Protein chains: 2
Amino acid sequence: MKHIGAGFAGPETVVFTVWAPEKDRMTVHLVHPTDRVVSMEKDNEGYFSVTIEGIRAGDRYFFRPDDGTDYPDPASHFQPEGVHGPSEVVDHSAYAWQDQSWHGLPFRDLILYELHVGTFTPEGTFEAIIPRLDALAETGINALEIMPVAQFPGKRNWGYDGVYPYSVQNSYGGPEAFKKLIDACHARGIAVFLDVVYNHMGPEGNYFSQFGPYFSSKYHTPWGDAINFDGLWSDGVRDYFTNNAIFWLEQFHVDGLRFDAIHEVFDMGAVPIWVQIHDNVKRLEQRLGRPLHLLAESDLNDPKVLKTTELGGFGFDAQWLDDFHHALYALLDHDGKNRYGDFGRLEQLAKAYTDGFVMSGEYTAFRKRKFGASSSGIPGDHFVVFNLNHDQVGNRVGGERLSLLVDFERLKLAAAAVFLSPYVPLLFMGEEYADETPFFYFADHSEENLIQAVKDGRKAEFAAFNANNEHIDPFQEITFTDSKLRWENRTKGKHRIMLDWHRTLIDLRRTEP
Amino acid sequence: MKHIGAGFAGPETVVFTVWAPEKDRMTVHLVHPTDRVVSMEKDNEGYFSVTIEGIRAGDRYFFRPDDGTDYPDPASHFQPEGVHGPSEVVDHSAYAWQDQSWHGLPFRDLILYELHVGTFTPEGTFEAIIPRLDALAETGINALEIMPVAQFPGKRNWGYDGVYPYSVQNSYGGPEAFKKLIDACHARGIAVFLDVVYNHMGPEGNYFSQFGPYFSSKYHTPWGDAINFDGLWSDGVRDYFTNNAIFWLEQFHVDGLRFDAIHEVFDMGAVPIWVQIHDNVKRLEQRLGRPLHLLAESDLNDPKVLKTTELGGFGFDAQWLDDFHHALYALLDHDGKNRYGDFGRLEQLAKAYTDGFVMSGEYTAFRKRKFGASSSGIPGDHFVVFNLNHDQVGNRVGGERLSLLVDFERLKLAAAAVFLSPYVPLLFMGEEYADETPFFYFADHSEENLIQAVKDGRKAEFAAFNANNEHIDPFQEITFTDSKLRWENRTKGKHRIMLDWHRTLIDLRRTEP
């Protein structure tokens with residue numbers, strides 16, 4: 001696989017590489033500290049590259065295809081001025097890692113904690129997270145699952161509108177700050193999972209089609225044309241994403257990746273993209289000598305996701321088990337059966353505990369078809385269970401956490417149900433102390449059409465749930481700031497009780513496995 | 001699975017069933033011999049049905065959904081007046097089968113013979129084939145692979161524009177004549193494979209969307225929206241096609257099915273449609289006590305197609321091995337390397353002999369990507385090889401057979417290469433005696449827009465091959481009649497020599513396995 005982007009080949013010597021198989025010409029346009037245009041050479045796989053001397057970390061550039069317009073590097077490692085600005089050269093060797101004694105954790109031992117950088121702290125940065133790590137570790141949490149950090153438009157976003165999968169969000173602190181956070185986690189025995197989005201790109205700052213056929217009209221997703229994993233020229237796209245997985249694990253010492261919505265990735269090729277990624281990651285794991293975990297969000301209820309590649313599977317180590325959430329929630333909350341009409345029977349929760357998938361071939365009214373296949377026999381450490389996650393909270397009209405929906409006793413029961421299950425538990429940030437902050441959907445686009453389209457889309461989505469509340473405006477800054485955790489409540493009253501309850505449950509889990 | 005269409009439940013008692021999950025009302029409109037309208041009842045799976053007394057085989061009817069318009073039955077067993085006319089009630093129990101002593105043949109022993117009913121004889125009917133069966137059997141041919149017979153528009157078509165997958169083409173003689181042909185084959189030790197098309201429906205007489213969501217905009221095929229195998233309401237669609245496979249095997253005593261272009265079937269469900277069909281067919285096989293073969297046309301070069309369902313495969317017994325054709329043809333004909341630019345090296349032919357797929361992960365210029373995975377180790381009887389098939393001949397501008405492209409010695413060599421391979425050989429009708437008749441693309445649509453669209457499409461397709469001949473008009477009857485075999489040449493001159501050569505090769509194959 002080609003190394004794309006801007007990479008140091010020696011002191012002040014940088015190789016610029018970009019994949020654009022159908023373009024005839026490409027130049028690097030250096031814009032900072034000096035203005036310079038350098039032609040690139042194309043190879044027979046469609047990659048343009050050029051080695052330039054006198055380049056330092058911090059220098060900024062664009063690529064300029066045939067048409068003469070400047071665009072940021074699709075494999076930019078940093079976008080200091082946001083999605084429309086120049087890309088910045090990063091020297092990954094400059095960071096002095098302190099985690100040499102970190103050897104990772106087995107997946108079955110994890111207590112996962114889903115964290116959104118922007119709303120976890122008042123500052124909304126990587127750096128601001130570090131002072132809270134001891135408290136998390138002390139509760140028993142040993143793995144962060146960080147919502148996507150790839151550069152997205154503006155300053156506020158869940159992360160799923162990212163358009164630079166190799167770039168770390170500037171408003172979070174950029175790549176170096178992210179490394180510091182990961183280093184600090186490893187120093188405290190905390191593993192780091194990163195949420196990566198390989199099923200679509202965000203709508204704003206999306207210049208991919210200016211370079212190559214990243215998208216395919218053969219498949220249609222909720223976000224438009226699917227990523228091109230099996231069409232003409234797809235090798236470059238496949239390598240782009242495979243390299244991206246390797247990039248985070250290798251350059252950022254990330255311990256695992258959480259792959260967003262793999263059911264929206266379409267690939268009829270003889271080697272599914274998940275298998276290509278799996279095989280490359282497992283080779284890296286051998287080389288690094290620490291476990292690297294591949295975790296899927298899958299709405300397929302298909303045991304193939306978890307089967308080994310030798311047995312025709314995708315080889316993921318684990319997947320989120322949504323059915324467990326639905327089965328439990330439908331029993332806990334009076335509104336549960338309205339929201340999940342196919343759930344609500346006690347034997348479904350029992351099946352979630354014993355088999356994993358509750359929907360294993362049954363007809364579901366929600367999908368108007370038979371759904372899933374049995375996962376009976378798949379070991380418990382292949383499933384991640386939760387009462388909350390960003391979707392379960394954020395995709396409610398009011399962004400309400402379970403703590404606002406059910407009484408305190410039920411909330412404790414819910415926590416016990418998750419922590420005493422045979423599966424790997426996941427908390428959504430703040431859940432451990434029953435934070436009551438909403439987690440709204442928020443974004444910060446700069447294009448008016450897009451803003452209206454997102455608003456209309458959310459409205460239609462909520463209409464399906466018969467929600468009739470006044471809609472929260474995702475684009476107001478207050479929607480974002482209102483979603484920030486009230487960490488100060490953590491040690492007060494019922495919040496302290498819930499925190500202790502989680503500590504107890506985690507202890508119990510550790511001592512009575 | 002529901003029995004759809006019109007089926008006898010007793011003497012003169014017929015159950016009419018049609019799947020239309022999103023319709024509120026449905027009636028049967030009997031139009032012959034008397035005019036009568038009868039309301040149907042809907043069940044909770046979306047099937048409307050009604051039992052009507054006083055119905056005989058030969059009675060004709062339409063279904064009439066909500067909107068009050070008459071449409072033929074999507075599961076019609078006979079369309080005596082073509083794709084736009086009424087459907088006819090068929091009594092399958094009325095045919096007196098004579099093949100009780102037929103027990104089928106193992107796949108590895110087959111000598112397949114692809115046959116197009118319309119052009120195999122001057123008459124172009126099932127009945128006209130029967131007198132030629134002895135001659136075929138005497139040559140050593142023991143399996144017909146009949147191009148699609150599902151009702152298509154007009155009188156001339158390769159069969160891939162069929163729109164009634166349960167109906168036998170009226171101009172070929174309809175269902176009873178097809179049974180007679182199969183019975184006659186079995187009497188002579190000849191197995192019958194039927195080509196079925198589950199990847200699209202033809203454009204004319206396609207009333208499916210008047211009944212239910214048979215198509216899905218999630219996937220795009222060369223023919224438009226894909227068949228809906230995994231979306232909302234897809235159970236009815238899946239059962240429609242699964243039942244169709246069972247229908248031919250059970251009611252027509254067909255020995256195997258050749259599934260057209262499975263690479264254009266999209267299904268992200270946990271139980272792929274091919275697995276559902278496989279499981280049902282294998283149960284039928286147990287019940288019937290004779291082998292039922294599942295043969296795929298696959299442009300995936302994916303060993304998954306042939307792997308058992310237990311190992312995550314689709315469970316097909318065999319697939320066409322196009323790579324063998326390309327590797328051989330590119331060496332035989334001076335034009336071969338132009339047509340198949342990724343082929344033309346001797347070691348590729350050697351690989352086709354030893355491994356199966358030649359493209360097993362290599363980059364191919366034709367696809368502009370790496371293609372396929374290795375099929376090394378898969379037994380030889382899982383692949384079907386050929387020098388000709390309807391596509392290889394008919395998709396040339398001049399419809400030329402290999403007999404017109406290479407000299408006679410090369411032609412003999414080509415035959416030997418196929419018959420002495422470790423794979424199951426397939427002949428295209430007439431190939432055994434080096435018939436020189438072209439096999440043109442022909443069709444007989446009645447809609448002007450469609451005719452123009454087809455002409456434009458063919459033109460574009462040929463442009464890709466840099467063909468600059470004058471184009472043959474697919475819609476002229478002479479294009480069809482010119483494609484009819486010259487069977488009278490069979491025993492003359494070089495044709496006789498080639499026929500004897502095939503007899504020798506087949507004998508050799510039988511005696512030295």
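Order of the sequence lines sets the chain letters (A, B, ...), proteins ahead of strands, with each chain counted from 1. This is a predicted model, so every value here is computed, not measured.
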task = Could you tell me the separation between the CG atom of A:N228 and the CZ atom of B:R369, rounded to the nearest 0.5 Å?
result = 9.0 Å
ask   = Got a second to check how far B:K218's NZ is from A:Y219's OH, nearest 0.5 Å?
value = 11.0 Å
message = Looking at A:H263, I'd like to know if its NE2 atom is crowded, meaning that more than 12 non-hydrogen atoms belonging to other residues, nucleotides or ligands lie closer than 6.0 Å.
response = yes
remark   = Highest number of heavy-atom pairs under 4.5 Å with chain B among A:G372, A:A270, A:A373, A:G312 belongs to A:A270
query = Side chain, backbone, both or neither: which part of B:K370 has a heavy atom under 4.5 Å from chain A?
reply = both
message = Counting only heavy atoms from other residues, nucleotides and ligands, does the tally under 6.0 Å from NZ of B:K42 exceed 12?
response = yes
inquiry  = If you count every heavy atom of other residues, nucleotides or ligands that lies below 6.0 Å from B:E41 atom CD, does the total exceed 12?
reply    = no
inquiry  = At a 4.5 Å cut-off on heavy atoms, which part of A:V275 comes close to chain B: side chain, backbone, both, or neither?
reply    = neither
Aromatic contact, B:F266 with A:F266 (centres under 6.0 Å) = no
task = Indicate the atoms forming the closest heavy-atom contact of A:D235 with B:Y363, along with that distance.
result = OD2-CD1, 3.7 Å
ask   = For the residue pair B:R367 and A:L232, what are the closest heavy atoms and their distance?
value = O-CD2, 3.2 Å
key: Pairwise distance OG(A:S234) to NZ(B:K368) - rounded to 0.5 angstrom   = 12.0 Å
query = With only heavy atoms counted, which part of B:S217 is less than 4.5 Å from chain A, the side chain, the backbone, both or neither?
reply = backbone
Least distance between heavy atoms, A:I262 atom then B:M268 atom = O-CE, 4.3 Å
query = Between B:V237 and chain A, which part of the residue has a heavy atom less than 4.5 Å away: side chain, backbone, both or neither?
reply = neither
